[in-house]
Amino acid sequence: MAQAEADVPATSLFGADRRLCSADVLSPLEVRARIEVAVLNFLATLSSPSSPAIPVLPLISRKSTNCSLRSGLLSDVSSVYLSYAFCKRSLMRENDAKAFVRVWKVMEMCYKILGEGKLVTQRELFYKLLSDSPKYFSCQRHVNQTIQDVVSLLRCTRQSLGIMASSRGALIGRLVLHEPEEEHIDCSILGPSGHAITGDLNQLSRLNLSSDARYLILVEKRLAEDRLYNQLPCILITAKGYPDIATRFILHRLSQTFPNMPIFALVDWNPAGLSILCTYKYGSISMGLESYRYACNVKWLGLRGDDLQLIPQSAFQELKPRDLQIAKSLLSSKFLQDTHRAELTRMVETGTRAEIEALYCHGFDFLGKFIARKIVQGDYI
């Protein structure tokens with residue numbers, strides 16, 4: 001149930017800017033203090049002499065109705081943000097009871113993790129909770145959703161809770177990484193799989209970055225194997241699908257360190273490809289409290305409708321039900337720009353999709369030439 005903005009001081013545990021609801025980066029002591037405040041508030045309501053009750057948990061709503069697009073005043077970066085509309089977790093509602101308990105169990109676990117100075121992945125946390133509380137955590141989805149509930153309640157980032165996402169990302173190209181007191185990593189001399197991106201955002205934030213590249217190129221699935229960066233001065237980065245937080249974090253760090261380096265995305269011509277691009281560009285509603293920290297001004301290099309003439313008819317595939325579901329969600333969103341909406345509409349109307357690999361019909365060196373030509377000609381949106 002949504003709360004009026006006037007009710008914010010009464011329903012919110014921690015104050016913040018009314019215009020933009022965000023998650024703070026906090027120290028372990030600060031997060032533990034917020035958990036203690038949540039517990040004390042719960043006990044105070046439960047033991048109130050005048051009207052004792054089991055209190056509800058006020059969480060920032062992560063629905064599209066509570067989502068808007070925030071544009072930077074001094075930059076061309078826009079990001080998803082959440083406003084101060086609340087939903088509630090209540091022990092007294094049948095559909096909410098287990099979710100209510102899960103929030104307290106995850107907070108208890110985070111309190112212990114932070115006290116021990118540790119970091120755990122969401123997968124590691126799941127197996128611990130499955131062992132301790134199998135009645136409440138039967139699948140990874142329960143843990144993932146509850147972590148976001150805790151972020152919404154305590155208004156702190158997931159990393160601040162002592163939780164890091166498992167990273168699938170990698171990068172390669174004209175970039176040298178240097179962590180204090182560690183050896184340099186020259187990403188231009190690595191094998192085709194590149195340098196694996198750690199899920200520890202603290203470690204990523206300590207890296208010193210140096211590069212003579214002129215472009216940053218996001219690749220949906222895997223890093224190019226023809227060493228494109230030797231012909232075109234660039235850095236290639238991939239999350240091998242939907243971007244995890246660590247990959248988005250290092251991309252944002254690169255964009256801040258090298259502000260004049262444009263970012264281009266090469267994704268499949270299907271709704272999922274566009275959704276991946278939008279996640280890098282704007283963030284996601286599910287993580288709307290943190291999205292602004294990782295949003296980047298990403299340009300769509302390809303595949304786009306104008307590139308389809310390069311693909312043989314036999315390489316096109318029919319859209320799957322999952323594609324149509326993603327397309328419906330994107331078309332109903334508030335932040336999809338007109339050129340992207342036109343591309344998505346064309347996908348739906350033709351009922352087809354095409355993968356980047358279809359360009360290899362022109363030879364295994366064609367993809368690199370394709371990317372270079374489009375960048376030089378300014379063929380991106």
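FYI, the numbering just counts along the sequence from 1. Because the structure is a prediction, the values reported are computed rather than measured.
A donor-acceptor pair under 3.5 Å is formed between the side chain of Ser291 and the backbone N or O of Ser284. Arg102 places no side-chain N or O within 3.5 Å of a backbone atom of Val143 that could act as its donor or acceptor partner. At distances below 3.5 Å, not a single donor-acceptor pair connects side-chain atoms of His142 with backbone N or O atoms of Thr146. No donor-acceptor pair closer than 3.5 Å links the side chain of Arg34 to the backbone N or O of Glu30. Under a 3.5 Å cut-off, the side chain of Gln148 and the backbone N or O of Gln145 do not form any donor-acceptor pair. For the pair Ser133 (side chain) and Tyr136 (backbone), a donor-acceptor distance under 3.5 Å is absent. Under the 3.5 Å distance criterion, the side-chain polar atoms of His340 are left unmatched by any main-chain donor or acceptor of Phe335. A distance-only check finds no donor-acceptor pair linking the side chain of Asp268 to the backbone of Asn270 [under 3.5 Å]. A donor-acceptor contact shorter than 3.5 Å is absent between the side chain of Ser329 and the backbone of Ile326. Checking side-chain atoms of Asp200 against main-chain N and O of Asn202 turns up a donor-acceptor pair under 3.5 Å.
Linking ILVMFWY side-chain heavy atoms closer than 4.5 Å, directly or via other members, places Leu209 and Leu204 in a single hydrophobic cluster. At a threshold of 4.5 Å between side-chain heavy atoms, the hydrophobic network of Ile, Leu, Val, Met, Phe, Trp and Tyr places Leu129 and Met164 in two separate groups. Hydrophobic clustering places Leu367 together with Tyr380 (ILVMFWY residues linked when any side-chain heavy atoms are closer than 4.5 Å, directly or through intermediates). Under the 4.5 Å side-chain heavy-atom criterion for ILVMFWY residues, a single connected hydrophobic cluster contains both Leu207 and Tyr294. No continuous path of ILVMFWY side-chain contacts below 4.5 Å connects Leu336 to Val348, so the two sit in separate hydrophobic clusters.
With a 4.5 Å cut-off on side-chain heavy atoms, Arg341 and Leu331 count as touching. Residues Tyr292 and Val80 have side chains not in contact (no heavy-atom distance under 4.5 Å, counting atoms from C-beta outward). Side-chain contact check for Leu324 versus Pro271: every heavy-atom pair is 4.5 Å or farther apart. Side chains of Leu359 and Leu303 form a contact here, defined as non-hydrogen atoms less than 4.5 Å apart. Residues Arg346 and Leu308 meet the side-chain proximity criterion, which asks for heavy atoms closer than 4.5 Å. Annotation: side chain of Val176 is not in contact with side chain of Ile185 (no heavy-atom distance under 4.5 Å). Using a 4.5 Å heavy-atom threshold, the side chains of His195 and Leu175 count as separate. Counting heavy atoms from C-beta outward, Asp307 and Phe370 have side chains that approach closer than 4.5 Å.
Using a cut-off of 4.0 Å between Lys/Arg side-chain N and Asp/Glu carboxylate O, Lys88 and Asp96 are scored as not salt-bridged. Classification of Asp186 and Arg174 as a salt-bridged pair fails, no side-chain N sitting under 4.0 Å from a carboxylate O. Of the charged side-chain nitrogens involved, at least one lies within less than 4.0 Å of a carboxylate oxygen, so that Glu355 and Lys221 count as a salt-bridged pair. Salt bridge Lys369/Asp365: present, at least one basic N to carboxylate O contact under 4.0 Å. Looking at Arg89 and Asp149, a side-chain N of the basic residue comes within less than 4.0 Å of a carboxylate O on the acidic one, giving a salt bridge.
Judged by distance alone, the side chains of Tyr242 and Ser275 do bring a donor and an acceptor atom under 3.5 Å apart. With no hydrogens or angles considered, a side-chain donor-acceptor pair links Thr157 and Ser160 at under 3.5 Å. Residues Gln122 and Asn144 have side chains that bring a donor and an acceptor to within less than 3.5 angstrom of each other. A side-chain donor from one of Glu343 and Trp269 sits under 3.5 Å from a side-chain acceptor of the other.
Residues Trp104 and Phe42 bring their aromatic ring centres within 6.0 Å.
Atom NZ of Lys374 is surrounded by more than 12 heavy atoms from other residues, nucleotides or ligands within 6.0 Å. Heavy-atom neighbours of Gln377 CD from other residues, nucleotides or ligands within 6.0 Å: above the threshold of 12. For Glu183, the CD atom counts as loosely surrounded, since its 6.0 Å shell holds 12 or fewer non-hydrogen atoms of other residues, nucleotides or ligands. For Asp338, the CG atom sits in a loose shell: 12 or fewer heavy atoms of surrounding residues, nucleotides or ligands are nearer than 6.0 Å. For Lys334, the NZ atom sits in a packed shell: over 12 heavy atoms of surrounding residues, nucleotides or ligands are nearer than 6.0 Å.
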Show your working on side chain to side chain contact (heavy atoms under 4.5 Å, CB included) between Phe137 and Val106 and close with a plain yes or no.
CA-CA 10 Å; Phe137 297 95; Val106 168; 3.9 Å; yes
Evaluate the criterion side chain to side chain contact (heavy atoms under 4.5 Å, CB included) for residue pair Cys21 and Leu289; output intermediate values, then yes/no.
CA-CA 6 Å; Cys21 191; Leu289 293 174; 3.5 Å; yes
Show your reasoning for whether side chain to side chain contact (heavy atoms under 4.5 Å, CB included) applies to Leu216 and Phe264.
CA-CA 6 Å; Leu216 254 168; Phe264 301 112; over 6 Å; no
For the pair Ser152 and Arg62, evaluate side chain to side chain donor-acceptor pair (under 3.5 Å) and give the outcome as yes or no after the intermediate values.
CA-CA 9 Å; Ser152 298; Arg62 302 190 299 279; 3.1 Å; yes
Criterion side chain to side chain contact (heavy atoms under 4.5 Å, CB included) on Leu236 and Tyr229, from CA distance to verdict
CA-CA 8 Å; Leu236 296 161; Tyr229 46 87; 4.1 Å; yes
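For the pair Leu119 and Gln159, the tightest heavy-atom approach, listed with the atom from each and the gap, is CD1-NE2, 3.7 Å. Between Val77 and Ala295, the closest heavy-atom pair is CG1-O, 3.6 Å. Lys98 and Lys135 make their closest contact through NZ-O, 3.3 Å (heavy atoms, listed as atom of the first residue, atom of the second, distance). Smallest separation of non-hydrogen atoms from Ala358 and Pro312: O-CD, 4.4 Å. Taking both residues in full, the closest heavy atoms of Thr247 and Thr238 are given as CG2-O, 4.0 Å, listed atom of the first, atom of the second, then distance. The shortest heavy-atom contact between Ile163 and Cys110 is CD1-SG, 3.7 Å.
Atoms SG and CD1, from Cys234 and Ile217 in turn, are 4.0 Å apart once rounded to the nearest 0.5 Å. Interatomic distance, Ile263 CD1 to His252 NE2, rounded to the nearest 0.5 Å: 9.0 Å. Between the CG atom in Leu319 and the CD atom in Glu349 there is a gap of 11.5 Å [rounded to 0.5 Å]. Atom OH of Tyr127 is separated from atom CD of Gln140 by 8.0 Å, given to the nearest 0.5 angstrom. Going from atom CE of Met347 over to atom CZ of Arg304 covers 10.5 Å, rounded to the nearest 0.5 Å. If you take OH on Tyr360 and CD1 on Ile311, they are separated by 12.5 Å, rounding to the nearest 0.5 Å.
Figure legend: Arg32 and Tyr111 shown as a cation-pi pair, the cationic atom lying under 6.0 angstrom from the six-membered ring centre and within 45 degrees of its axis.
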